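The structure appears right after this line, and notes come after that.
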Amino acid sequence: MPDIGSRTVLSFDFGTKSIGVAIGQEITGTASPLSALKATDGVPDWAKVQQLYDNWLPNLVVVGLPLNMDGTEQHVTQLAKRFANRLLGRFKVPVETWDERLSTADAKAMLFELGGYKKLTKEKVDSVSACVIFTSWAENQY
């Protein structure tokens with residue numbers, strides 16, 4: 001496993017219908033959005049998740065934890081934790097959860113700056129949210 005600071009990190013913005021995905025490099029603190037995964041009640045096509053792991057060989061996975069603005073949990077928080085546990089169980093790569101409050105708002109603002117309303121597709125927002133989650137996580141590691 002690479003040293004802390006030089007890991008490849010797969011980041012997920014969990015949702016019940018769509019799961020945003022990004023790949024981040026800890027050494028640069030930057031992430032790139034990947035195609036969002038369609039989900040049914042929070043369950044993705046696990047074969048597509050396997051492809052992500054096979055293609056990117058992550059050393060760590062970060063799953064955004066959706067919390068209420070006051071920090072309390074909501075129903076989808078438990079579903080995101082279950083998703084994180086399933087990732088760990090299936091792929092045996094360490095998984096961390098990370099507070100994702102405001103990541104969607106940040107992602108929408110970034111996409112709007114890049115191209116206005118036409119850039120605000122659900123898939124793009126979800127995967128850019130996964131980038132925001134990674135960046136927030138990375139900034140708080142050191």
Side-chain angles (χ1 to χ4, degrees), residues 1-40 42-74 76-142:
M1 177 137 171
D3 293 333
I4 290 175
S6 61
R7 298 175 291 188
T8 298
V9 181
L10 196 56
S11 177
F12 292 99
D13 176 32
F14 178 81
T16 57
K17 294 184 173 121
S18 176
I19 299 170
V21 186
I23 191 70
Q25 296 299 324
E26 204 174 21
I27 198 161
T28 60
T30 60
S32 299
L34 302 175
S35 293
L37 301 168
K38 291 195 182 329
T40 304
V43 179
D45 177 343
W46 289 108
K48 290 186 177 176
V49 178
Q50 179 72 56
Q51 287 176 337
L52 289 169
Y53 277 77
D54 292 346
N55 290 342
W56 295 100
L57 304 172
N59 308 109
L60 179 71
V61 176
V62 175
V63 175
L65 204 57
L67 299 168
N68 292 316
M69 289 310 294
D70 65 2
T72 58
E73 293 190 359
Q74 51 186 310
V76 74
T77 309
Q78 294 306 315
L79 297 176
K81 285 180 177 180
R82 185 178 308 151
F83 174 70
N85 288 335
R86 286 182 178 156
L87 290 172
L88 177 61
R90 282 178 182 262
F91 303 107
K92 310 296 187 229
V93 173
V95 177
E96 293 183 19
T97 57
W98 188 255
D99 180 354
E100 68 164 38
R101 284 178 282 181
L102 299 179
S103 64
T104 300
D106 288 350
K108 285 180 179 176
M110 287 168 55
L111 284 168
F112 186 76
E113 284 178 26
L114 292 173
Y117 287 110
K118 66 182 176 282
K119 294 281 186 183
L120 296 179
T121 65
K122 175 77 172 123
E123 179 178 286
K124 286 181 181 168
V125 170
D126 289 341
S127 288
V128 172
S129 292
C131 291
V132 172
I133 290 165
F134 168 79
T135 303
S136 173
W137 172 85
E139 287 172 351
N140 283 276
Q141 297 307 299
Y142 308 102

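By convention here, the first residue in the shown sequence is residue 1. Computed from a prediction, not measured in an experiment: that's the story for all the values here.
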Problem set entry | Taking every non-hydrogen atom, the tightest pair across Pro44 and Leu37 | CB-CD1, 4.3 Å
Exercise. Measuring from Asp13:CG to Ile133:CD1, what's the distance to the nearest 0.5 Å?
Worked result: 4.0 Å
Seminar exercise, completed: What one should report as the nearest heavy-atom pair of Val93 and Leu88 is O-CD1, 3.4 Å
For this session: Hey, could you give me the CG/CD distance between Leu60 and Gln141, rounded to the nearest 0.5 Å?
Result: 8.0 Å
Exercise. Quick one: are Leu67 and Glu73 in side-chain contact, heavy atoms under 4.5 Å?
Worked result: yes
Problem set entry | Donor + acceptor pair across side chains of Ser6, Glu26 (<3.5 Å) | no
Exercise. Given the rule in the side-chain contact (heavy atoms from CB on, under 4.5 Å) test, do Leu65 and Lys81 qualify, once you have shown the distances and angles that lead to the verdict?
Worked result: CA-CA 7 Å; Leu65 204 57; Lys81 285 180 177 180; 3.7 Å; yes
For this session: Measure across Ala31 and Ala22 and return the closest heavy-atom pair with its distance rounded to 0.1 Å.
Result: CB-CB, 4.3 Å
Exercise. If you take all heavy atoms of Ser11 and Ala130, which pair is closest and at what distance?
Worked result: OG-O, 2.8 Å
Problem set entry | Minimum heavy-atom distance between Pro33 and Val128, given as atom pair plus value | CB-N, 4.3 Å
For this session: Please test Asn59 against Thr8 for side-chain contact (heavy atoms from CB on, under 4.5 Å), starting from the C-alpha separation and ending with a verdict.
Result: CA-CA 5 Å; Asn59 308 109; Thr8 298; 3.7 Å; yes
For this session: Scan Ile19, Leu87, Leu10, Val21 and name whichever one has a side chain to side chain contact (heavy atoms under 4.5 Å, CB included) with Val49.
Result: Leu87
For this session: State the CZ-CD distance between Arg90 and Gln50, to the nearest 0.5 angstrom.
Result: 9.0 Å
Exercise. With a 4.5 Å heavy-atom cut-off, do Thr77 and Gln74 have their side chains touching?
Worked result: yes
Seminar exercise, completed: Value for CZ (Phe12) from OG1 (Thr97), rounded to nearest 0.5 Å, stands at 14.0 Å
Exercise. When you check the side-chain N and O atoms of Trp98 and Ser136, is any donor under 3.5 Å from an acceptor?
Worked result: yes
Problem set entry | Gap separating the CG atom of Leu57 from the CG atom of Leu52, nearest 0.5 angstrom | 11.5 Å
Exercise. Roughly how far, to the nearest 0.5 Å, is the CZ atom of Phe134 from the CD atom of Glu139?
Worked result: 9.5 Å
Exercise. Under 30°, 30 to 60°, or over 60°: which ring-plane class applies to Tyr53 and Phe91, parallel, tilted or perpendicular?
Worked result: parallel
